[in-house]
Amino acid sequence: MTTTALGLGLIVIGAGLGIGLLGKGAMEAMARQPEVLSKLQTAMLIAAALIEGVALFAIVIAMING
Amino acid sequence: MKRVLGIILFSLISLLPVAASEHSEAKGGEENNTEKFDPTVVIEHHISNAHVWHVVSWGEGEDKVDIEIPLPIILINEGKFHFFLYSRFDHHTQIAEDNGSYFLYHHGTIYNTDAKGTITEDENGHLINTKPWDFSLTKNVWSMWLSIVILLWLFISIAKKYNGSPKRPHGVQSFFEPIILFIKDDIIVDQIGKEKAYKFVPYLLTLFFFIWINNMIGLVPFFPGGSNFTGNISVTMVLAIITFLVTNINGSKSYWKHTLLAPGIPSVVKIILIPVEIIGLFTKPFALMIRLMANITAGHIIIISLVSLIFILQNVWVSPASIALSVVMSILELFVALLQAYIFTLLSALFIGMAVQSEEH
Amino acid sequence: MDFLLQPDPGLVFWTTISFGILVFLLRKYAWGPILHALKVREETIEASLKAAERAKAEVEDLVKVRQEMMNSTRNERDEIIKETRALKEKIINDARSSAQNEANKLIESARTQIEAEKNAAIKELKTQVAEISIDIAGLILESELKSEKKQKEIIDKYLDKVNFN
């Protein structure tokens, strides 16, 4: 239970950092090139979904264990 | 602004009875420990499917009044159909008899039992009685049918407005038309490509609006909303499997070659890469399934937890803060409802787009 | 919370069937007509825009043609006015010069006539003077020739009186 919680926390840190960096990069790119905004948005969402996927597997494991 | 205030006020008022009913129900469930409030029970009760649709209840103990709609139960047990209403389950023993078979209702699941209601448990206290095939028209099924009725009514009436010569859109038509166009042009055509997109447009449009409206119905805090339909794994699994099938049935030759043979890559790497690619075929829809389910369920859990704070702390002065917070969360969830529908549709379109591409990029 | 991850066959069954029917119905009665209408509208708008473009071009052409016509008309008018003015000038000049000639001619002929009349008058006068002189001479001869002296006096007297111009 505690190790699961610890692992979950670590994964959440990782995923949070990942999505944060992704958002930062995307925002900067959007500010620099507003003309490709929609493409950047799509690419950002896809990348976010992939990162989120990792966090989701953590949720699954947490649900199975706890 | 006025409208927004109205919505907030409305949510405040409508959240109160839900909280109250959940509370008294939790108390009813735990006769021995009437003073202690366990939010987990409330949450589990709320996010699970049910064979009865609870409308509202008031009072406590003996005076408790429950207004609920018993739903039809359809069971297949040893090749025999059983069809009866939930109300046949005895209020105290939770046992129902139909054509000589006995069924026990325990925490939202129907088990086989005998006239005395014999149960067998494993060492963890879980029931291990055999289960009949349960095809009951549960709360989630009715909730889904409600959404389907709304969708059909909405879009067929919109479609009728397009009869005749082209003219400026009016009313709901002007609200949905840009959304339809956005999904068609900016999601589907963008990801799949102009020539092949038309085939998938009906499925993806339906998918988007189906997920969206069910997410929204799930956020309505009173009857007939509030069911955790899109947060149920069975539902997201069905949707993810349909996307998986659509993707792979329409997979082009180069897609399969790319996946199964990985051309142009050293054979040592191939040994690692090909299994990864094959696992990837299944992890993509799996992530779709878990993402939608986890997001929606988490939203429900957070809102109920915030309302439960009042009862956990046993302090009426907490209620303004907890209700304000849950209203904020509800507004956030409205956004999440749209976002998850968008993400599910976008990723489905993306997977389909990758599969139908005939030329290597 | 592992119950969250256990699919329920009943719900899977109903969801599959209902969603399938929903896709079918919406495809037939909603998406089909809506997307068709949107496509038609898009095409109509495109066609209308093209038609408007064409009409605009035509109008521009017409404006250009009108401008050209106006310009040419104006030029023509200017030309005509110029010509007319020149013609007027010429006519006036012609009239003036011919009148002058006529006048000159008239004056000339009047002058010659006057000259001729004068000459004729002088001639006549000379003739008359001669005749009168002869008459006088006769008379004198008749009356005065009786005295030589007197004859001479008379002749002188007449001759003094007659003044030739």
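Each chain gets a letter, A, B and so on, in the order the sequences are listed, and its residues count up from 1.
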A:L45 CG to B:L350 CG distance, which is reported to the nearest 0.5 Å: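 CG of B:L350 is found 11.0 Å from CG of A:L45.
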Sequence-distant partners of A:K24, salt bridge (charged side-chain N to carboxylate O under 4.0 Å, His left out), two or more places apart: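 Here the qualifying residues are A:E28.
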Residue B:N295 versus chain A: region with a heavy atom under 4.5 Å: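 B:N295 touches chain A through side-chain heavy atoms alone.
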B:I343 versus chain A, the contacting section by heavy-atom distance below 4.5 Å: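 The side chain, not the backbone.
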With a 4.5 Å heavy-atom cut-off (strictly below), which parts of [range] touch chain A? List them by number.
{"range": "residues 196-211 of chain B", "result": "none"}
{"range": "residues 275-287 of chain B", "result": "B:F286, B:A287"}
{"range": "residues 235-243 of chain B", "result": "none"}

